[in-house]
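Proteins get letters first, then strands, A, B, ... in listed order; numbering begins at 1 in each.
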Amino acid sequence: MVKLTLKDGSVREAEQGMSAAEIIKGIGMGLYKAACCVKIDGKVCDLRTVINNDCNFEVMTFDSDEGKKAFRHTASHILAQAVKRLYPEAKLAIGPAIEDGFYYDFDLGKSFTPDDLAKIEAEMKKIVKEDIPLKQYGLPVDEAVAKLEAMGEPYKVELCKEHADKGEDISFYEQGDFTDLCAGPHLMSTGAVKAFKLTACTGAYWRGDSKGKQLCRVYGTAFPKASEMEAHLKALEEAKLRDHNKIGRELEYFTTVDYIGQGLPILLPKGAKVVQILQRWVEDTEAKRGCQLTKTPFMAKRELYKISGHWDHYLDGMFVLGDPNDEEKECFALRPMTCPFQYQVFLNRQRSYRDLPMRLTETSTLFRNEDSGEMHGLIRVRQFTISEGHYILRPEQLEEEFKGCLELAKYCLETVGLLEDCTFRFSQWDPANPKNKYEGTPEQWEIAQATMKKILDHLGIDYTIGIDEAAFYGPKLDIQYKNVFGKEDTLVTIQIDMLLAQRFGMEYIDTDGTKKNPYIIHRTSLGCYERTLAYLLEKYAGALPLWMSPEQVRILPVTDRAKEYAENIKQKLDDMDIRVTVDNRNEKIGYKIRQAQLEKVPYFFIVGDKEVEEGTVSLRSRKDGDLGASTLDAVVDKIMKEIVTKAK
RNA sequence: GCUGCUUUAGCUCAGCUGGCAGAGCACUUCCUUGGUAAGGAAGAGGUCGACAGUUCGAAUCUGUUAAGCAGCUCCA
């Protein structure tokens, strides 16, 4: 007998050699039906795992991440089985579970159409109904390769060969007429996948290599219950209603024009106003923290970028004015970053250790020639403006200044309300340096990354590690944000750079009279304003907090008799720098209210004969509706308090 | 850049197998001065993204191209 310690601490005995599935059946059929996989001594295992020793034994259902993964991975096998039944010529690539679903990549020389997906779904339903048991077995590498070759699965052969040197058997899962190379874990049978839906069909490169073969990827999602899936799909639909690319255009924050070009949005008055408000606030905030504002050119001769390394690393990503290959003639490029421009501020005269830290900031417009398929609303654009900064430091100032940058970024994100949804990524280099992307020696990288790790751990930052996500000159702390489609981008970045100072000949005279290269922190405090605006529109579904609303108050006269009164109030609010308009149109009050509400104006003042007579205003908020009549002073007081505290 | 989808009035969308270009909202004018989410009437508005091709005839079929969307790849 073996002793199993369950999650609740209770101990259960079982015969040696029983499978986890059999043991769970013994605990209860209900649990067995819900079980997706098990954790044995903390390790995720298949339900078919045979238990030979005492262990901690945790049953993982769909409620756990591990259970979801096993469940949806099985759904991806059902998808592959259906595809193989309908399209026997399709070659299998990979098919993992992902967040909220699964996908499978196929090579069939064409792409599936929506009609095809419907057929595949119908076939999947049959497979679920057939309730086919899954069997797992292992084969030695050479037998596995032979089997996969016989099956005519070249991609699987390639994957299998990569496992050859691990000295382990190759694991297969078989369900009826379908067999797949797979490490598992999986459900016991196809019948458990009660609810699923194929959601999309797109291209995807084999092994993520854009020079390699492009495969056809089918995305889907799966749940144990139809009701759960319906709720999930509904939530996705609702999230899309917040898409900044939709509401940002509808609410007239921005637009695009095809003959201006991709990735070059026009900020309409409302969008421009919000960006101006954020910029002024960020610049003031930075100034209070010892930053100095610079204003540097939007372009420079190729020579500058040659020194910085950008010419070698990112020429394709730059907008070049002139022939980059004609060394005889002058050639300019629009700036894709601010670093080498701001360094000239430091280089303006000889510097002493007393000048450091030198915190240079700039509201900086950048130009990057993104690939045509990359643009997305205000999130990925070709011209954008960031709250850029470069802190030039003595090495011993690094930790303190890094901390300051992080605090500033967190303060900015917290104030606008985005911090709670951010995640932190420690972006490191790949020592293999696959595309010759990284400059500097392994020792320099070791030092930079060890320093950043120490700082992050010291600050108790909860981060993930992104290998091969670093800048070419150093590691980054990236603050990531997800859009309504779940796609993640960098909102704020703080980078340690121990290389570029040397390239630009930046030196300071230290206390001992010797010349030294400073360290540099590249950082943003609120990131890129276009991107931030996009996330704010999504976060607040267009109803931006009062302090950053482009129009804070709209005065709605009930009749023409109240027009003059409305104009007087407007004047008073103007004097207090409250952004206010009057809706003087000859429309009924209900109509004006409806429109102001749809435009998500935070507050409206309704003024009619009653208010004129009593010298009051009737307040209505977009959030709480009719708030009744008060004196103008009382209403303004309430609004000013909300503005000053930057309430969300 | 790659795969797939999309593009008809300012916006949201109809328009069947090729045969005279449509609706709602918005806009303009007039009437209406109305109290917390749409008052009424009339009017104007389109080279069907662009360019080629097939056809007696193209919004509709084919090709090229631009822009938009999702995904992949990339992202200093």
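- Aromatic ring pairs are classed by plane angle as parallel below 30°, tilted from 30° to 60° and perpendicular above 60°; the pair A/Phe504 and A/Tyr343 is perpendicular.
- Side-chain contact annotation: A/Thr338 with A/Glu362, donor-acceptor N/O pair under 3.5 Å absent.
- Taking atom C1' in both B/G24 and B/G15, the straight-line distance is 15 Å, to the nearest Å.
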| request: Scan nucleotides 70-76 of chain B nucleotide by nucleotide, 5' to 3', and note B when protein non-hydrogen atoms come under 4.0 Å of the base, S if they reach only the sugar-phosphate, - if neither. | output: SBBBBBB
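- A gap of 31 Å separates the P atoms of B/C16 and B/G71, to the nearest Å.
- In this structure, A/Lys610 reaches the bases: a heavy-atom distance under 4.0 Å links it to at least one base atom across the strands shown.
- Taking the P atoms as reference points, B/U6 lies 49 Å from B/G35, given to the whole Å.
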Could you list all N or O pairs between the protein and nucleotides 25-27 of chain B that sit under 3.5 Å apart?
residue, atom, partner, partner atom, Å
B/A26, OP1, A/Tyr591, OH, 3.1

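- Both the sub-6.0 Å distance and the 45° axial angle are not jointly satisfied by A/Arg620 relative to the ring of A/Phe604.
- Contacts between residues 384-391 of chain A and RNA chain B, counted as heavy-atom distances below 4.0 Å, involve no residue at all.
- Distance A/Asp583 CG to B/U33 P: 18 Å, rounded to the nearest Å.
- Taking the C1' atoms as reference points, B/U60 lies 13 Å from B/U54, given to the whole Å.
- Here B/C13 presents its C1' atom at 12 Å from NZ of A/Lys246, a figure rounded to the nearest Å.
- Near RNA chain B, defined here as any heavy-atom distance below 4.0 Å, the residues from residues 612-623 of chain A are A/Ser618, A/Arg620, listed numerically.
- A side-chain donor-acceptor contact under 3.5 Å links A/His313 and A/Glu439.
- Look at CD on A/Glu250: it is 13 Å from C1' on B/G10, rounded to the nearest Å.
- Nearest-nucleotide mapping onto RNA chain B: of A/Gly625 and A/Thr256, the residue sitting toward the 5' end is A/Gly625.
- The nearest whole Å value for the distance from the CZ atom in A/Phe604 to the P atom in B/G35 is 18 Å.
- Going from the P atom of B/A58 to that of B/A52 covers 13 Å, rounded to whole Å.
- At the heavy-atom level, A/Ile589 lies under 4.0 Å from the strands shown only through sugar-phosphate atoms.
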| request: Evaluate ring-ring contact (aromatic ring centres under 6.0 Å, His included) for A/Tyr104 paired with A/Phe106, printing each intermediate quantity in order. | output: CA-CA 7 Å; A/Tyr104 213 110; A/Phe106 306 96; 5.1 Å; yes
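- Counting heavy-atom neighbours within 6.0 Å of A/Lys301 NZ, excluding the residue itself, gives a total of 12 or less.
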| remark: Here RNA chain B, pairs taken as Watson-Crick or G-U under 3.5 Å and shown with ( ), [ ] when crossing and | when to another strand, reads (((((((..((((.....[..)))).(((((.......))))).....(((((..]....))))))))))))....
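- Aromatic rings from A/Phe102 and A/Phe196 are positioned such that their centres are separated by 6.0 Å or more.
- Straight-line distance between the C1' atoms of B/G45 and B/G10: roughly 9 Å, to the nearest whole Å.
- Atom NZ of A/Lys69 sits in a sparse spot, with 12 or fewer heavy atoms from other residues, nucleotides or ligands closer than 6.0 Å.
- Sorted by first and then second residue, the pairs that involve residues 203-213 of chain A and meet salt bridge (charged side-chain N to carboxylate O under 4.0 Å, His left out), not counting sequence neighbours, are A/Asp107-A/Lys213, A/Glu158-A/Arg207, A/Glu162-A/Arg207.
- Partners of A/Phe341 according to the ring-ring contact (aromatic ring centres under 6.0 Å, His included) rule, which considers only residues two or more places apart in sequence or in another chain, do not exist here.
- Rounding to the nearest 0.5 Å places CG of A/Leu304 at 11.0 Å from CZ of A/Phe332.
- Atom C1' of nucleotide B/U3 and atom CH2 of A/Trp206 are separated by 17 Å, given to the nearest angstrom.
- Ring orientation note: the planes of A/Tyr438 and A/Trp429 are nearly perpendicular, at an angle over 60° on the 30°/60° scale.
- In this entry the distance linking NZ of A/Lys110 with C1' of B/G4 reads 12 Å, nearest Å.
- When the side-chain contact (heavy atoms from CB on, under 4.5 Å) test is applied to A/Met229, the partners found at least two apart in sequence or on another chain are A/Ala195, A/Lys197, A/Thr221, A/Phe223, A/Leu233.
- A/Glu611 comes within contact range of at least one nucleobase, with a heavy-atom separation under 4.0 Å.
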| field | A/Tyr519/A/Glu401 under side-chain hydrogen bond (donor to acceptor under 3.5 Å, both in side chains): CA gap, chis, key distance, verdict | value | CA-CA 11 Å; A/Tyr519 283 1; A/Glu401 291 300 318; over 6 Å; no
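- Note on A/Leu215: nothing from the nucleic acid sits closer than 4.0 angstrom, heavy atoms only.
- Among residue pairs with one or both ends in residues 552-564 of chain A, those qualifying as side-chain hydrogen bond (donor to acceptor under 3.5 Å, both in side chains) are A/Glu551-A/Arg554, A/Arg554-A/Glu599, A/Arg561-A/Asp609; sequence neighbours excluded.
- Ring pair A/His522/A/Tyr473 is parallel by interplanar angle, where below 30° counts as parallel and above 60° as perpendicular.
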Enumerate the protein-to-nucleotides 40-45 of chain B contacts in which both atoms are nitrogen or oxygen and the separation is below 3.5 Å.
none

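- Ring geometry for A/Tyr305 versus A/His310: interplanar angle over 60°, hence perpendicular rather than tilted (30 to 60°).
- No engagement by A/Gly628 is indicated, since no non-hydrogen atom pair under 4.0 Å with the nucleic acid exists.
- Only the C1' atoms considered, B/G40 is 44 Å distant from B/G57, to the nearest whole Å.
- Rounded to an integer number of Å, the gap from A/Lys588 NZ to B/G35 P is 7 Å.
- Residue A/Gln502 qualifies as open at atom CD: its count of foreign heavy atoms under 6.0 Å is 12 or below.
- Note on A/Ser372: a base of the nucleic acid sits closer than 4.0 angstrom, heavy atoms only.
- For the C1' atom pair drawn from B/G18 and B/C75, the interatomic distance equals 46 Å after rounding to whole Å.
- From A/Lys270, atom NZ reaches atom CG of A/Leu533 across 11.0 Å, with rounding to the nearest 0.5 Å.
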Just distance, no hydrogens or angles: give the donor-acceptor pairs under 3.5 Å from side chains in residues 610-618 of chain A, sequence neighbours left out.
residue, atom, partner, partner atom, Å
A/Glu611, OE1, A/Gly608, N, 2.8
A/Glu611, OE2, A/Ser618, OG, 2.6

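- We find that CD of A/Gln597 is positioned 13 Å from C1' of B/A38, with the value rounded to whole Å.
- Residues passing the ring-ring contact (aromatic ring centres under 6.0 Å, His included) test with A/Phe112, sequence neighbours excluded: A/Tyr87.
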